[in-house]
Amino acid sequence: MAVVVGYVPTKEGAAALRRAAAEASVRQTPLIVLDSAHPDGDDQTDDARKQLADLGDLDVSYEVRTVPNGEDATEELLRIAEDESADLLVIGLRRRTPVGKLILGTNAQRILLDSACPVLAVKPPAE
């Protein structure tokens, strides 16, 4: 069991990472971070690690993974959640205009529809 989060170095990714870490802490389960901004073998996952270190008040063990070269980040996120028997999958969503709200991003839609576990979609705080 684990909490899995899809991370990109954006305000949406940061919001998802913070919430996923909090959920993992409350559930007392490990956190698995999929950093989809960096390809497999690219050790530039420092941003995710730094943000997790800044959440020092949360007691959570974590692992940061990257997307294997040539693989689809959405498919990899769904695969990890299934392989790890995730309790929860957390993703970040962009705020949208009223017209944009009629359309949900295709990756977010795939995750919401295809995930074998509950999905929590998080928006960043309003500016």
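What you are looking at is a predicted structure, and each value in this text was computed from that prediction instead of being measured.
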Side chain to side chain contact (heavy atoms under 4.5 Å, CB included) between V122 and L93, intermediate numbers included: CA-CA 6 Å; V122 179; L93 290 180; over 6 Å; no
Audit row: V3, I32, side chain to side chain contact (heavy atoms under 4.5 Å, CB included) steps and yes/no: CA-CA 6 Å; V3 172; I32 300 173; over 6 Å; no
L78 and S115: CA distance, side-chain angles, deciding distance, side chain to side chain contact (heavy atoms under 4.5 Å, CB included) verdict: CA-CA 6 Å; L78 290 168; S115 176; 3.9 Å; yes
Derivation and outcome, side chain to side chain contact (heavy atoms under 4.5 Å, CB included), residues L120 and L89: CA-CA 6 Å; L120 175 60; L89 176 56; over 6 Å; no
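In this structure, I111 is a member of the same hydrophobic cluster as V67, with clusters built from ILVMFWY side-chain heavy atoms closer than 4.5 Å. A continuous path of Ile, Leu, Val, Met, Phe, Trp and Tyr side chains, each step under 4.5 Å between heavy atoms, connects L17 with V60, placing both in one hydrophobic cluster.
Ion pair R49/D35 not flagged as a salt bridge, since none of the NZ, NE, NH1 or NH2 atoms sits closer than 4.0 Å to an Asp/Glu carboxylate oxygen. Under the 4.0 Å criterion applied to side-chain N and carboxylate O atoms, R65 and E84 are assigned as salt-bridge partners. Salt-bridge check for R79 with E75: failed, with every basic side-chain N at 4.0 Å or more from each acidic carboxylate O.
When every heavy atom of R27 is checked against every heavy atom of D87, the shortest pair comes out as NH1-CB, 3.8 Å. Between Y7 and G13, the shortest heavy-atom distance links the atoms CD1-O, 3.5 Å. Heavy atoms only, all atoms of each residue included: M1 and P30 are closest at O-CD, 3.4 Å. In terms of heavy atoms, P9 sits closest to D47 at CB-OD2, 3.5 Å. Of all heavy-atom pairs between K123 and A15, the closest is O-CB, 4.0 Å. Between S36 and A73, the shortest heavy-atom contact is CB-CB, 3.7 Å.
Sparse packing is recorded around CG of D59, with 12 or fewer heavy atoms of other residues, nucleotides or ligands lying under 6.0 Å away. In E82, the CD atom is not crowded: 12 or fewer heavy atoms of neighbouring residues, nucleotides or ligands sit closer than 6.0 Å.
Taken to the nearest 0.5 Å, the CG atom of L77 stands 13.0 Å off from the CD atom of E71. The distance from atom OH of Y62 to atom OG1 of T29, rounded to the nearest 0.5 Å, is 15.5 Å.
Contact annotation: the side chain of V119 approaches that of I91 to within less than 4.5 Å [non-hydrogen atoms, C-beta and beyond]. L31 has its side chain out of reach of E63: every pair of non-hydrogen atoms, C-beta onward, lies at least 4.5 Å apart. Counting heavy atoms from C-beta on, the side chains of L34 and V5 never come closer than 4.5 Å.
There is a side-chain donor-acceptor pair under 3.5 Å between T74 and N107.
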